[in-house]
Chemist: 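Here you go, one structure.
In what follows, every chain begins at residue 1, and chains take the letters A, B, ... in the order their sequences are listed.
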2 protein chains.
Amino acid sequence: MHTQYMSIRHGLLALLEREPMYGYQLRTEFDTATGSTWPLNVGQVYTTLARLERDGLVAAGEQDDDGKVRYAITDAGRAELREWFGTPVEATDRPRDELAIKLALAVTVPGVDVASVVQRQRASTMTSMQDLTRLKRSGDPSLSWSLVLDAMRFQLEAELRWLDHCETVLTRTGAPR
Amino acid sequence: MHTQYMSIRHGLLALLEREPMYGYQLRTEFDTATGSTWPLNVGQVYTTLARLERDGLVAAGEQDDDGKVRYAITDAGRAELREWFGTPVEATDRPRDELAIKLALAVTVPGVDVASVVQRQRASTMTSMQDLTRLKRSGDPSLSWSLVLDAMRFQLEAELRWLDHCETVLTRTGAPR
DNA sequence: CGACACATGTAACACGTTACATGATTTG
DNA sequence: CAAATCATGTAACGTGTTACATGTGTCG
């Protein structure tokens with residue numbers, strides 16, 4: 001089994017561990033839990049559900065009185081979920097860091113104004129940071145959403161620190177223009 | 001044009017801006033620049049090159065004396081690259097943070113020992129951190145690789161801080177077992 | 001000669017994304 | 001009644017991943 005790009009798969013599985021749900025509801029619950037940080041397209045839910053069913057991790061129930069199809073997690077699904085929660089996210093199976101790649105390559109390509117790239121990125125990152133703060137102040141987020149927001153905050157802070165670090169290194173190395 | 005999952009595309013484009021290269025060389029250079037942090041499968045290079053050529057961003061040159069095919073960046077490719085370097089990576093078009101999703105959902109699913117999930121993750125993250133330190137000490141990384149390593153370090157540090165934060169919040173909320 | 005790096009590619013498949021089609025229900 | 005929300009799905013396409021096939025050159 002692959003270990004990459006399975007957040008949605010596992011996320012839906014986790015939601016179904018709470019109770020059987022139908023597709024539309026899953027999207028709502030997912031967005032509630034993560035605070036619409038990474039909005040989930042409804043279509044994606046259905047395709048993912050189909051794949052989960054194909055793999056025997058969920059089972060579609062009979063049609064509701066209203067025509068709604070409730071999905072339930074299976075034993076195999078529960079095992080998969082336990083596995084997911086029990087296994088840490090390794091540094092190696094994370095998606096490539098686009099920003100890191102961008103700067104790493106920027107310094108190797110002649111004619112690229114790296115300092116300017118860094119500055120523009122920092123402006124953007126700081127804006128995101130402010131949006132985040134505003135978001136956090138504006139509502140009464142649930143525990144899970146609150147944790148997600150904090151994760152974003154810590155990550156953006158680290159990015160700002162790294163950008164500063166890059167600037168320092170670059171000026172020290174002496175790479176003007 | 002999508003803005004997600006294009007690191008490899010743009011990365012190769014950036015390498016070709018330095019000088020025309022053939023596929024195998026691109027993999028080597030990519031791994032050198034990023035320090036094999038996210039090793040690149042050779043096959044991926046060729047498929048990506050084919051797509052880049054399809055989109056008119058690179059052009060395949062004549063076969064070498066040795067049968068090697070050198071690819072060169074086109075004007076359109078150069079424009080695309082300028083665009084990439086000039087546009088910051090937005091917080092919204094980053095891939096979903098699997099760890100954040102995992103913990104966010106873990107706290108909503110009954111029967112999950114969240115504290116234990118956090119602890120296991122921290123152990124793993126700290127191990128990655130040590131590997132990183134060892135790696136950094138062991139060699140004489142180039143500027144670009146060094147920056148990538150630093151990015152990883154800052155990110156892992158942020159993750160550790162966040163995990164601590166989660167633990168604090170969770171014990172404060174009082175969610176034992 | 002055997003193993004290994006160099007070099008190029010293809011095929012099958014994974015997940016993720018967007019756009020579209022369709023209809024029922026609710027609400028202003 | 002019109003618009004929005006609820007609800008389910010499909011189709012086409014994108015990048016990324018892995019495994020496989022194929023051949024050359026080099027070095028011990």
Side-chain angles (χ1 to χ4, degrees), chain A residues 1-13 20-32 34 37-55 57-58 60-71 80 84 92-98 101, chain B residues 1-13 20-32 34 36 38-55 57-58 60-71 80 84 92-98 101:
Chain A
M1 176 82 69
H2 297 70
T3 52
Q4 223 160 160
Y5 302 131
M6 314 263 293
S7 315
I8 298 183
R9 246 174 103 90
H10 286 126
L12 296 190
L13 220 45
M21 295 184 189
Y22 41 87
Y24 197 87
Q25 193 181 359
L26 279 166
R27 199 211 77 176
T28 308
E29 292 296 325
F30 187 91
D31 281 10
T32 301
T34 60
T37 311
W38 307 284
L40 185 54
N41 188 291
V42 201
Q44 180 80 49
V45 174
Y46 294 104
T47 55
T48 304
L49 275 175
R51 289 161 187 169
L52 283 170
E53 192 178 14
R54 175 200 63 191
D55 299 338
L57 305 182
V58 307
E62 296 299 307
Q63 277 213 342
D64 209 330
D65 294 351
D66 315 336
K68 296 188 243 181
V69 185
R70 221 171 278 271
Y71 283 83
E80 171 75 22
W84 188 52
T92 51
D93 55 43
R94 266 166 240 231
R96 294 184 175 81
D97 184 339
E98 189 185 348
I101 291 177
Chain B
M1 177 82 70
H2 298 70
T3 51
Q4 223 159 159
Y5 303 130
M6 315 263 292
S7 315
I8 298 183
R9 246 174 102 90
H10 286 127
L12 297 189
L13 219 45
M21 296 183 188
Y22 41 88
Y24 197 87
Q25 193 181 359
L26 280 167
R27 200 211 77 176
T28 310
E29 293 296 327
F30 187 90
D31 282 8
T32 302
T34 60
S36 310
W38 308 283
L40 185 54
N41 188 291
V42 202
Q44 179 81 48
V45 174
Y46 294 104
T47 56
T48 304
L49 275 175
R51 289 160 186 170
L52 284 169
E53 192 178 15
R54 175 200 62 190
D55 299 339
L57 305 182
V58 307
E62 297 298 308
Q63 277 215 343
D64 209 330
D65 295 350
D66 314 335
K68 296 189 243 182
V69 185
R70 222 170 276 272
Y71 284 82
E80 172 75 22
W84 188 53
T92 51
D93 55 43
R94 266 166 241 230
R96 295 185 175 80
D97 184 339
E98 189 185 350
I101 292 176

Chemist: If you find the nucleotide of DNA chain C closest to A:G43 and the one closest to B:N41, which residue's nucleotide is nearer the 5' end?
Modeler: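 With A:G43 and B:N41 compared, the 5'-side residue is B:N41.
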Chemist: B:R96 near the nucleic acid: base, sugar-phosphate alone, or nothing, with a heavy-atom cut-off under 4.0 Å?
Modeler: sugar-phosphate
Chemist: Identify whether NZ of Lys or CZ of Arg in A:R27 sits under 6.0 Å from the centre of the six-membered ring of A:F30 and within 45° of that ring's axis.
Modeler: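 The answer is no; the distance or angle limit is not met.
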Chemist: At 4.0 Å (heavy atoms only), tell me whether B:R54 reaches a base, stays on the sugar-phosphate, or touches nothing.
Modeler: sugar-phosphate
Chemist: If you pin A:R70 and A:R51 to their nearest nucleotides in DNA chain D, which one's is more 5'?
Modeler: A:R70
Chemist: Once side chain to side chain donor-acceptor pair (under 3.5 Å) is applied, do any residues pair with A:Y22, and if so which ones, sequence neighbours excluded?
Modeler: A:K68
Chemist: Are OP1 or OP2 of D:dG16 and a side-chain N or O of B:Y5 less than 4.0 angstrom apart?
Modeler: no
Chemist: When the distance from CZ of A:R9 to P of C:dA14 is rounded to whole Å, what number comes out?
Modeler: 9 Å
Chemist: Classify the nucleic acid contact of B:S7 as base, sugar-phosphate or nothing, counting any heavy atom under 4.0 Å across all strands shown.
Modeler: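 Since only primed, P, OP1 and OP2 atoms lie under 4.0 Å of B:S7, the category is sugar-phosphate.
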Chemist: Once you round it to whole Å, what is the distance between P of D:dT17 and CG of A:D93?
Modeler: 11 Å
Chemist: Measure from the side chain of B:Y24, starting at C-beta and using heavy atoms only, and say which of C:dC6, D:dA7, C:dT10 lies closest.
Modeler: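 Out of C:dC6, D:dA7, C:dT10, the nucleotide with an atom closest to B:Y24's side chain is C:dC6.
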Chemist: Ignoring the backbone of B:V69, work out which of C:dG16, D:dG16, C:dG9 is nearest its side chain.
Modeler: C:dG9
Chemist: Nearest of C:dT17, D:dG16, D:dG9 to any side-chain atom of A:Y71?
Modeler: D:dG9
Chemist: Please report the distance, rounded to the nearest Å, between CD in B:Q44 and P in D:dT17.
Modeler: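 Rounding to the nearest Å, CD of B:Q44 and P of D:dT17 are 6 Å apart.
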Chemist: What is the distance, rounded to the nearest whole Å, between atom CE of A:M6 and atom P of C:dC15?
Modeler: 6 Å
Chemist: Expressed as a whole number of angstroms, how long is the span from A:E53:CD to D:dT10:P?
Modeler: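 Distance, rounded to whole Å: 11 Å.
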Chemist: Rounding to a whole Å, what distance do you find between A:D31:CG and D:dC6:C1'?
Modeler: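 Rounding to the nearest Å, CG of A:D31 and C1' of D:dC6 are 14 Å apart.
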Chemist: Name all residues meeting the side chain to side chain contact (heavy atoms under 4.5 Å, CB included) criterion together with B:P95; count only those two or more places apart in sequence or in a different chain, and write none if there are none.
Modeler: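 For B:P95, the residues satisfying side chain to side chain contact (heavy atoms under 4.5 Å, CB included) (neighbours in sequence not counted) are A:P95.
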Chemist: Quick one: label A:V42 by what it contacts on the DNA or RNA (base, sugar-phosphate, nothing), any heavy atom closer than 4.0 Å.
Modeler: base
Chemist: Rounded to the Å, how far apart are A:L40 CG and C:dT17 P?
Modeler: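 Atom-to-atom, A:L40 to C:dT17, this comes out as 8 Å.
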Chemist: Can you check the B:H10 NE2 to D:dT15 P distance for me, whole Å?
Modeler: 10 Å
Chemist: Looking only at heavy atoms, what is the nearest atom pair of A:L26 and A:M21, with distance?
Modeler: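 For A:L26 and A:M21, the tightest heavy-atom pair comes out as CD2-SD, 3.8 Å.
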Chemist: Quick one: which of D:dG16, C:dC15, C:dT8 gets closest to the side chain of B:Y46?
Modeler: C:dT8
Chemist: When you compare the side chains of B:E98 and A:H10, does any donor N or O come within less than 3.5 Å of an acceptor on the partner?
Modeler: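 Note: B:E98 and A:H10 side chains miss the donor-acceptor criterion.
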